[in-house]
*Asks:* 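One structure follows; several queries about it will come next.
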Protein chains: 2
Amino acid sequence: MEGREFKDAMYEGLAKMLKALSNSARLEIIEMLSQGEKSVEGIVQSTNLSVANASQHLQVLKNNNIIKSRKEKQYVFYSLVNDDFLALYQHIIKYAVGEIAELEKIMNRQREDNKALNAVSLDELDTMIGDDHVLLLDVRPKTEFEFGHITGAVSIPMNELMAHLKDFSKDKEIIAYCRGPFCVLADEAVKMLSEKGYKVRRLNEGYPEWKVKQLEINK
Amino acid sequence: MEGREFKDAMYEGLAKMLKALSNSARLEIIEMLSQGEKSVEGIVQSTNLSVANASQHLQVLKNNNIIKSRKEKQYVFYSLVNDDFLALYQHIIKYAVGEIAELEKIMNRQREDNKALNAVSLDELDTMIGDDHVLLLDVRPKTEFEFGHITGAVSIPMNELMAHLKDFSKDKEIIAYCRGPFCVLADEAVKMLSEKGYKVRRLNEGYPEWKVKQLEINK
DNA sequence: CAAGTATTCAATAAATATATTGAATACTTG
DNA sequence: CAAGTATTCAATATATTTATTGAATACTTG
């Protein structure tokens with residue numbers, strides 16, 4: 001193989017993988033799958049996609065070694081191919097949110113709207129863990145919590161939150177988290193709880209970011 | 001802004017940046033620019049692109065905060081926007097080469113063809129630096145060497161290599177490097193020098209990878 | 001095995017990305 | 001300021017990507 005041929009082949013292969021990532025529907029699917037495996041139906045429920053369209057996007061991701069599938073009964077369950085991809089994906093998001101002014105602006109506007117500007121970072125959270133006055137609240141669906149959660153967190157899915165208000169003490173500082181920086185469940189929880197007079201902030205990141213950080217530490 | 005609107009805006013923005021990266025011509029431009037700033041003409045010379053086409057691709061990269069430009073006389077010089085992008089780019093390549101079977105195969109075939117399989121890694125290089133019997137050889141064009149190079153390296157651009165053969169001792173172990181894993185200059189140098197009876201291997205990575213590693217260390 | 005459900009496939013139209021061509025612009029230098 | 005050079009712009013044809021639709025397949029369960 002000549003030099004140019006080789007280069008072209010490598011860049012085309014690389015571009016092909018990046019093309020698979022460069023679509024908003026597929027990025028949302030990736031976020032879903034970083035919370036654990038999901039069936040096609042599961043993905044359709046929390047996106048605006050039709051079943052056929054979701055299936056097509058899943059094929060694209062699968063053909064590019066980003067996700068893998070497993071069949072059980074009638075269902076096909078998809079999941080991220082490995083944690084290395086998760087780390088790469090978070091690196092991309094971190095760069096984009098930090099360097100692309102457009103994205104930074106959208107993010108800040110959202111946070112302002114939700115008074116979520118004084119969010120807690122993962123590093124800050126480290127210093128708070130173990131403190132009796134802090135309650136770490138996971139507001140994702142139960143199945144996602146069961147697949148994995150931040151050590152010490154308590155699971156109260158968003159749709160059950162109202163019913164569990166009585167369980168919280170107004171003395172405690174509540175830190176709510178969900179799927180990641182683009183997930184709005186934690187914002188909703190903060191809004192609801194602060195209206196009721198609780199001390200509450202959101203975590204800037206979500207479960208997958210915490211997980212990748214743990215993997216880094218234990219490497 | 002509603003939750004779905006926010007999510008869509010973020011994923012679309014992210015997808016837009018990734019679209020800018022998902023084209024082989026633009027990836028090659030990025031590799032060129034990780035060796036230092038280049039004019040449009042400079043880029044055209046080492047790619048298969050027409051001037052107008054290269055210019056268009058450069059606009060796309062610029063509009064997505066991946067590269068920046070500076071004007072001097074008639075020339076416009078482009079360069080990567082910052083080292084954070086360089087680190088992200090290398091992370092993408094590392095994932096792709098390690099996880100995408102197709103790319104791994106192409107890479108291995110190239111290395112076999114060039115008997116470059118026993119390449120030296122950056123980590124190995126660390127243990128060799130300072131050894132009097134090792135000669136670290138930078139075969140990139142002089143201007144790229146001058147912009148930055150691995151500490152202790154000697155610059156002999158590929159096209160001058162033949163004329164400098166007499167400078168090398170056959171007792172020394174020569175390590176040749178160039179722009180990065182997809183660059184074939186080092187492969188050519190290894191081929192040429194080993195045919196003449198020198199002990200020579202290539203560095204698996206190139207100057208930008210060394211640079212990012214240094215930045216990591218000094219962080 | 002019939003009925004129901006989950007997923008994929010195939011065909012299509014619309015939207016977007018790409019390379020090419022031939023100007024137009026901007027700048028330098030004699 | 002005229003001639004030359006580097007870069008960008010605008011228009012176009014082609015290729016690729018995308019969402020939609022309706023059907024086909026695969027599997028489960030009664």
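Residue numbers begin at 1 in each chain, while the letters A, B, ... track the order of the sequences. Quick caveat: nothing in here was measured; it's all calculated off a predicted structure.
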*Asks:* So, are B/K94 and A/D84 salt-bridged, with charged N and O less than 4.0 Å apart?
*Replies:*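 Result for this pair is no, no salt bridge flagged.
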*Asks:* Of all the nucleotides listed (D/dT7, C/dT7, D/dT20), which has the minimum atom distance to the side chain of A/S50?
*Replies:* D/dT20
*Asks:* What does B/Y78 touch in the nucleic acid at a heavy-atom separation under 4.0 angstrom: a base, only the sugar-phosphate, or nothing?
*Replies:*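 Counting heavy atoms under 4.0 Å across all strands, the contact made by B/Y78 is with sugar-phosphate only.
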*Asks:* Counting side-chain heavy atoms from C-beta on, which of C/dA17, C/dA19, D/dT8 comes nearest to B/N53?
*Replies:* C/dA19
*Asks:* Need one value for B/A52: base, sugar-phosphate or nothing, where a base atom within 4.0 Å counts as base even if backbone is also close, heavy atoms only.
*Replies:* base
*Asks:* If you check every side-chain atom of B/K71, which of C/dC27, D/dT18, D/dT7 has the closest atom?
*Replies:*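 Shortest atom-to-atom distance from the side chain points to C/dC27.
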*Asks:* In whole angstrom, give the distance that lies between atom CG of A/L58 and atom P of C/dT7.
*Replies:*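 Roughly 9 Å, once rounded to whole Å.
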*Asks:* Can you tell me how far C1' of C/dG30 sits from NZ of B/K73, to the nearest Å?
*Replies:*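 Distance, rounded to whole Å: 14 Å.
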*Asks:* Taking the minimum atom-to-atom distance to the side chain of A/Q59, which one of C/dT7, D/dT7, C/dT8 wins?
*Replies:* C/dT8
*Asks:* Need to verify one output field. Residue with the more 5' nearest nucleotide on DNA chain C, B/N48 or B/Q74?
*Replies:*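 The residue mapped nearer the 5' terminus is B/N48.
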*Asks:* Whether the side chain of B/Y78 engages the backbone of B/I43 through a donor-acceptor N/O pair (distance < 3.5 Å, no angle test) should be reported.
*Replies:* no
*Asks:* Any idea which of C/dT18, C/dA6, D/dT8 is nearest the A/E41 side chain?
*Replies:*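 Of all the options, the side chain of A/E41 is nearest to C/dA6.
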*Asks:* What's the separation between atom CG in B/D187 and atom CD in B/Q110, rounded to the nearest 0.5 Å?
*Replies:*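 Going from CG on B/D187 over to CD on B/Q110, the span is 5.5 Å.
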*Asks:* Check every strand shown and say whether A/Q56 touches a base, only sugar-phosphate, or nothing at a heavy-atom separation below 4.0 Å.
*Replies:* base
*Asks:* Hey, is CD on A/E188 packed in by over 12 heavy atoms from elsewhere, all under 6.0 Å?
*Replies:*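 Yes, CD of A/E188 has more than 12 neighbouring heavy atoms, counting only those of other groups under 6.0 Å.
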*Asks:* Give the nucleotide from the list C/dT18, C/dT8, D/dT7 with an atom nearest to the side chain of B/V51.
*Replies:* D/dT7
*Asks:* Under a 3.5 Å limit for both distances, which nucleotide forms a Watson-Crick or G-U wobble pair with C/dA15, could you say?
*Replies:* D/dT16
*Asks:* So what's C/dA26 paired with, Watson-Crick or G-U wobble, going by both distances under 3.5 Å?
*Replies:* D/dT5
